[in-house]
Amino acid sequence: MSQEAVTPAHFIRKIVTQDVESKHTGKVITRFPPEPNGFLHIGHAKSICLNFGLAEEFGGDCHLRFDDTNPAKEEQAYVESIKADVEWLGFKWAGSVRYASDYFDTLYDYALHLIDNGNAYVCELSADEAREYRGTLKEPGKNSPYRDRSPEENRQLFEKMRAGEFEDGAAVLRAKIDMAAPNINLRDPILYRVRRLNHHQTGDTWCIYPTYDFTHGQSDAIEGVTHSLCTLEFEDHRPLYEWLIEHLPVPAQPRQYEFARLNLNYTVTSKRKLKQLVDDGHVEGWDDPRMPTISGMRRRGYTPLSLRNFCERIGVTRSEGVVDMSMLEHAVREDLDATAPRAMCVLNPIRVVLENYPENDVQTLSLPRHPKDESMGQREVTMSRELYIDRNDFEVEPPPKWKRLFLNGEVRLRGSYVIHCHDVVKDEAGNVVELRCTYDENTLGKNPEGRKVKGVIHWVSAADSVEAEVRLYDRLFQEENPAAQEDFTASLNLESLTVLRGARAEASLRRANVGDRFQFEREGYFAVDSSSSDDRVVFNRTVSLRDSWQKVKGKG
RNA sequence: UGGGGUGUCGCCAAGCGGCAAGGCAGCAGGUUUUGAUCCUGCCAUUCGCAGGUUCGAAUCCUGCCACCCCAGCCA
């Protein structure tokens, strides 16, 4: 066997492995339980990869279950986007999509079970009163005056709640546990509340809705989930999760395990904050390519594999950290380097005239689509007298270490000839607007004799190229940890989007389809945006190529 | 002494009593018609701190310190 670096098993993988080897004879069942109240982001990708990945690895199942217990915040549109994101990442949920609301009837019966056993009661304290009775972090709470109602009375009252005989907020069902518990989640937690709201799945069937705590664990049990994985903030809920499972006639005993959520620097991974960016118009929508949402990253050009590799590499632990954006960028570059066909696109064009190139002569050059993968074939680019190169690839007076074109210097046109610049044309303001050059006809496919040409730059034929819009993205926030700021929107990077309308792309790109990904040589990876039309191609820069010239330049 | 957690390289992360994996970033070279990719080398005598146990400690014990989560009829 090879000694290749195998990803070490993280703690959850170890637990599952151990369970499979010992107590569990059945299969591993996990679930990804999003609340449909927003779009999924990179943090959810971690959870998706963990849950679906584990099930896949152990030959088990992973369910997609919407945790839809709060109709006030949830919408069908979010349900649809979430399904699309999970599928795009390449995972398949077992069976049909599930909803916690599928279990509302059972949950209601479970509630009656607790009531009949004296483990739950209807409480008519107002929200404010309930807060006072709950006590504080350091002081115990005190019992609700409604705590000792009889099971019979509670049953009647709860049935009235269901029948709509209480106004919103007028009554709740509470578990009867311990108002002095040091863990606040055990101070008679609320199980049901009255909410006269239409629900995206159940319509107007219910006017009482179970809380997360009363829903999650029981749903897990009903589905036979063996390992219920969630983030650290739910750790304090585990005793309640277990209490409910112990006191209810559930069909299975799922176990909850917590892991640290993913934090990425220079962005936010909080549905609430992302929603605010959308609602306040700081971005163009949930799928804005600057958003760390799965749909935004998809539109930006990220690949499912790059996200999955990223999630595998960051690991799964219980210590909360902040992953550097460069890890994510590395993951996309790695995948795209191997899979993206190459093409040339001049982002900031400046005209080049090859004075010794015959007026109407047009040559077709065949270039490989990929430098290492011949199976990707060739593409044709047109060579002609008038070209465009990037303004950044020319200097009248070159700085030290310069390898590109300069006045009275020469450079290789990628896949074509070596050209020499002997003059520049300037406008009234003194800006260089055109380069007068000559080409060396003996340099196609071979190096000139007697001299070395260090640089290679990309180019396109002036006539045979298409105008394209190119969108460059920079980090959304200037602050490494925007969430730590008083107002996170204050550190929004106002230059996170740069739109280049006059870019010139090689002709082969005319037929690019939405979603297609390319490496624009020497620039970066780009994906065709969904806003492209037949007469206007729009490219999103997924990520730039690594650029060691920036470093050299920086050192002066 | 409210409860629950976490502290290993700039970042992520292995390790679980036998002498600090790996990845990202960085640095230095090599190859290169992408200043890309690829390749090579360098990058924690030290594991939050202080004691202790032990032949031996990041790993065990004790005490500190720092940070995170919890007082929604949100999830």
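Chain letters run A, B, ... following the sequence lines, proteins first, then strands; residues in each count from 1.
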A/Lys553 side-chain N/O to B/rG35 phosphate OP1/OP2 under 4.0 Å: no

Among B/rG35, B/rU34, B/rG3, the nucleotide that comes nearest once only the side chain of A/Pro371 is considered: B/rU34

Touch class at under 4.0 angstrom, heavy-atom based, for A/Arg404 against every strand present: base

Closest to side chain of A/Leu545, choosing from B/rG35, B/rG2, B/rU34: B/rU34

Below 4.0 Å: OP1/OP2 of B/rU34 and any side-chain N or O of A/His458: no

B/rA75 phosphate, OP1 or OP2, under 4.0 Å from A/Arg272 side-chain N/O: no

Closest to the A/Lys551 side chain, choosing from B/rC27, B/rU34, B/rC73: B/rC27

A/Arg193 vs B/rA75: side-chain N/O to OP1/OP2 distance below 4.0 Å: yes

Among B/rA36, B/rC16, B/rA71, the nucleotide that comes nearest once only the side chain of A/Lys14 is considered: B/rC16

Straight-line distance of A/Asp85 CG to A/Thr293 OG1, nearest 0.5 Å: 7.5 Å

Chi-angle category of B/rG72 [syn within 90° of 0, anti beyond]: syn

Gap between atoms CG and P, on A/Asn481 and B/rC11 respectively (whole Å): 14 Å

P-based separation of B/rC38 from B/rG23 [nearest Å]: 12 Å

Note: A/Glu523-A/Arg541 ion pair, threshold 4.0 Å (strictly below): no

Phosphate contact (B/rC73 OP1 or OP2) by A/Thr211 side-chain N/O below 4.0 Å: no

A/Glu235 bridged to A/Arg318 by N-O distance under 4.0 Å: yes

Step-by-step salt bridge (charged side-chain N to carboxylate O under 4.0 Å, His left out) determination, A/Asp188 to A/Arg147: CA-CA 9 Å; A/Asp188 290 10; A/Arg147 199 172 197 262; 2.7 Å; yes

Residues A/Glu223, A/Arg65: salt bridge by 4.0 Å N-O rule: yes

Separation of atom NE2 in A/His10 from atom C1' in B/rC12, rounded to whole Å: 15 Å

A/Thr69 side-chain N/O to B/rA75 phosphate OP1/OP2 under 4.0 Å: yes

Closest to the A/Glu320 side chain, choosing from B/rG5, B/rG35, B/rC74: B/rG5

5′-ward residue of the pair A/Trp402/A/Leu328 relative to RNA chain B: A/Leu328

B/rC24 phosphate, OP1 or OP2, under 4.0 Å from A/Arg313 side-chain N/O: no

Atom-to-atom span, CZ of A/Arg134 to C1' of B/rG3 - whole angstrom: 15 Å

Phosphate-side-chain proximity, A/Arg546 and B/rG26, N/O vs OP1/OP2 below 4.0 Å: yes

Nucleotide nearest A/Asp337 (side chain, heavy atoms from C-beta), chosen from B/rC12, B/rA71, B/rU37: B/rU37

Atom-pair distance (NE2 on A/His330; C1' on B/rC38), nearest Å: 13 Å

Short side-chain N/O contact to B/rG35 OP1/OP2 from A/Arg522, under 4.0 Å: yes

Short side-chain N/O contact from A/Ser319 to OP1 or OP2 of B/rC68, under 4.0 Å: no

Nucleotide nearest A/Glu235 when distance is taken to its side chain, options B/rG4, B/rC12, B/rC27: B/rG4

Aromatic ring proximity, centroids under 6.0 angstrom, A/Phe520 and A/Phe526: yes

First of A/Glu139 and A/Leu232 reached from the 5' end of RNA chain B, by closest nucleotide: A/Glu139

Atom pair distance, as rounded to whole Å: CZ in A/Arg414 and P in B/rU37: 14 Å

Phosphate-side-chain proximity, A/Arg131 and B/rG72, N/O vs OP1/OP2 below 4.0 Å: yes

A/Tyr241-A/His237 aromatic ring centre distance below 6.0 Å: no

Among B/rU37, B/rC73, B/rA75, the nucleotide that comes nearest once only the side chain of A/Ala127 is considered: B/rC73

